[in-house]
Amino acid sequence: MPAAPQSIIDTRRHQMFPVLETTDIERVRRFGKVRAYRAGEALVQVGHVGPGLTIILTGRVDVTQHDESGRRRHIVTHGPGSFMGELAQLAGRPALVDAHAQEEVEALIIAPGELRALLIAEAELGEHVMRALILRRVGLLETGAGGPVIVGRPQNADVLRLEGFLRRNGHPYQRLDAETDAEAKALIERFHVDTGQLPIVLCPRGELLRNPTESELARCIGLLGPIDPNRLYDVVIVGAGPAGLAGAVYAGSEGLSVLVLDCRAFGGQAGASMRIENYLGFPTGIRGMALMARAYNQAQKFGVEMAIPDEVMELDPSGGAENGPFVLKLSNSERAMARSIVIATGARYRRLAVDGLEAFEGASVHYWASPLEAKLCSGQEVALVGAGNSAGQAAVYLASHVAKVWVLVRGPDLAASMSRYLVDRIAGLSNVEVLTQTNVTGLEGRGGVLEAIRWRQKSGEDVRRPMQHLFLFIGADPNTQWLSGSGVALDAKGFVLTGGDCNESRNPLETSRRGVFAIGDVRSGSVKRVAAAVGEGAQVVAVLHAALGSVASKLPVG
């Protein structure tokens, strides 16, 4: 019988819970304030915003978390020199654990703003602290404790939607099967929930949500807060993919006030990739989510504010002040103001033109292949449509979890649109079969669950195979519908025109409106690669300073 896998606490405890030397504590005293706690007093509580990073000076503190049954589980006891906190404290969000003083405790409290300053000013010590914060979040993700509890059927489309949202935003959660878990049945009875109202979500502070939207869930768990309508940011970046996050990191590191907005999650399409193998500096490859999570945390380290999920509906029309400030109207009736705008909205996944597709999206039709989807279709046959690199990466990943992957390609071969290393890897997989010049012609199923997929091959033969999961990687369309009426010029396909394509005197990344820039996949003529998007994110910050100087000179005083 194979041994149970070790948790990250077992394997990397020394990095998760380092003890600071007295000299280290003295160096960082200037960033915090000393506070005393009585025996039994709570230093932090799940669901409540904590004071920040807490360095224990004297006494001992127990850190615990609750499982799905409400039982308290001990994580660690902090003594003098230890510090409490994880990534939530970096952004000033609600705590995911409880901490109580065993005895009288004296602690140095470093608030989120001062913590970010510490990480930058004390680079070597900051590296150890930042690593511990990240590893502690990974540990919480392993158990799901401290996050919301989702109650519903595992293959329900809304359960998958909520799980996917939390997973892609790096937030712990637990899921209980409404049909088999005793704890789930107890919650349903306790809150008098009709089965038609499932899924329900129990938030850490006790609030119950009935099949919430992503935004409702994010606000309930403190992932998303209100935006100050009167604050004027130096730059608002719309889109948190590779381009947007790169722009945020460089702008934040140069002292600009930055707000990043995204309607779904950080990472964009790159975050959905199970392995990126052609990104500079990662010879063995890296998961897209791992790369994007590092960028997301790095941006927060430099003080970048994140509002996710927050969807932009409109950029103020060009009839407004040409040189700013710009106003973005959001789906929740809020607004954000900025001296400059960076458009990094990337693209939306393209949908297959087949009748009834919408009925199966979420539960059986998928636009990315993550561990969540791999678990759903483990041991089954699946179909995958697409011939680009993202399709190839997904096929390789799924092949290690499913019985067989049918790759359906409309063109004559894979080599025309897929990197050679992926073509060769797929050719070496015995449970992947590539069918060229093949088109999906129909989907069969009921209750939102696929039962069979039909396709037609070049020979004219119609094939029907029983399958419950279809993966679509057929490209994407620019996410620019929100720019309608804004005065930002688009090309014939809807991508944003920049530089000489809209005005010869403009910077290569500036749009037809001064002070508004476009980077990454959404920009007309851009190279659709992660490295290119990151490069443009860095490049745009170099020209932002000049644009902001021009805007500042023309903004009204007072």
Side-chain angles (χ1 to χ4, degrees), residues 160 164 168 241-242 264-265 267-279 285 287-289 291-292 346-354 357-358 360-374 376-377 380-402 404-427 429 431-441 443 450 453 455 465 467-479 493 520-522 527-530 533:
L160 295 173
R168 294 197 66 186
R264 183 180 297 272
Q269 293 187 65
S273 175
M274 287 311 300
R275 185 169 294 275
I276 299 173
E277 295 194 66
N278 56 0
Y279 189 72
R287 283 185 59 218
M289 182 51 65
L291 181 64
M292 292 298 97
R348 292 183 181 273
Y349 296 105
R350 193 169 293 155
R351 303 167 88 180
L352 196 66
V354 60
L357 177 75
E358 297 85 353
F360 302 107
E361 288 180 320
S364 290
V365 173
H366 314 285
Y367 294 89
W368 52 80
S370 75
L372 184 62
E373 287 74 37
L376 280 175
C377 54
Q380 304 177 37
E381 286 193 10
V382 303
L384 186 152
V385 181
N389 277 2
S390 58
Q393 291 161 353
V396 170
Y397 172 68
L398 290 170
S400 64
H401 294 82
V402 304
K404 184 167 185 175
V405 182
W406 294 87
V407 178
L408 311 180
V409 181
R410 288 176 292 181
D413 58 48
L414 289 176
S417 53
M418 187 180 294
S419 294
R420 188 74 243 172
Y421 79 92
L422 282 171
V423 175
D424 293 341
R425 188 169 297 170
I426 288 172
L429 295 171
N431 64 336
V432 176
E433 184 166 345
V434 179
L435 303 178
T436 59
Q437 296 181 294
T438 300
N439 293 285
V440 174
T441 56
L443 305 174
L450 267 178
I453 300 172
W455 61 75
R465 291 195 69 86
M467 284 188 223
Q468 291 186 334
H469 296 280
L470 172 65
F471 292 82
L472 300 180
F473 292 85
I474 54 177
D477 297 313
N479 187 6
K493 295 182 178 180
D521 289 2
V522 74
V527 178
K528 305 300 189 281
R529 289 289 185 270
V530 174

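These numbers were taken from a predicted model, which means no experiment stands behind them. Numbering starts at 1 and runs along the sequence shown.
Proximity of a side-chain donor or acceptor of S417 to a complementary backbone N or O of A387 within less than 3.5 Å is detected. With hydrogens and angles disregarded, a donor-acceptor distance shorter than 3.5 Å links the side chain of N431 to the backbone of A399. At least one donor-acceptor pair under 3.5 Å links the side chain of S370 to the backbone N or O of L372. In this structure a side-chain-to-backbone donor-acceptor pair under 3.5 Å is missing from R529 to Y279. Not one N or O on the side chain of T436 forms a donor-acceptor pair closer than 3.5 Å with the backbone of V409.
In this pair, F473 and F471 present their aromatic rings parallel. The plane angle is below 30°, not in the 30 to 60° band.
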Check the pair K404, R465 against side chain to side chain contact (heavy atoms under 4.5 Å, CB included), reporting the backbone distance first and the verdict last.
CA-CA 12 Å; K404 184 167 185 175; R465 291 195 69 86; 6.0 Å; no
Does the side chain to side chain contact (heavy atoms under 4.5 Å, CB included) test come out yes or no for Y397 and R275, once each step is laid out?
CA-CA 8 Å; Y397 172 68; R275 185 169 294 275; over 6 Å; no
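For R410, the CZ atom counts as loosely surrounded, since its 6.0 Å shell holds 12 or fewer non-hydrogen atoms of other residues, nucleotides or ligands.
Checking S390 against Q393 by side-chain atom types alone, no donor-acceptor pair falls below 3.5 Å. Remark: the Y367 side chain and the Q269 side chain contain no N/O donor-acceptor pair separated by less than 3.5 Å.
Contact of the V405 side chain with the L429 side chain is not registered, since no non-hydrogen atoms from C-beta on lie closer than 4.5 Å.
Within the model, atoms CG of L470 and CG of L357 stand 7.5 Å from one another, a figure rounded to the nearest 0.5 Å.
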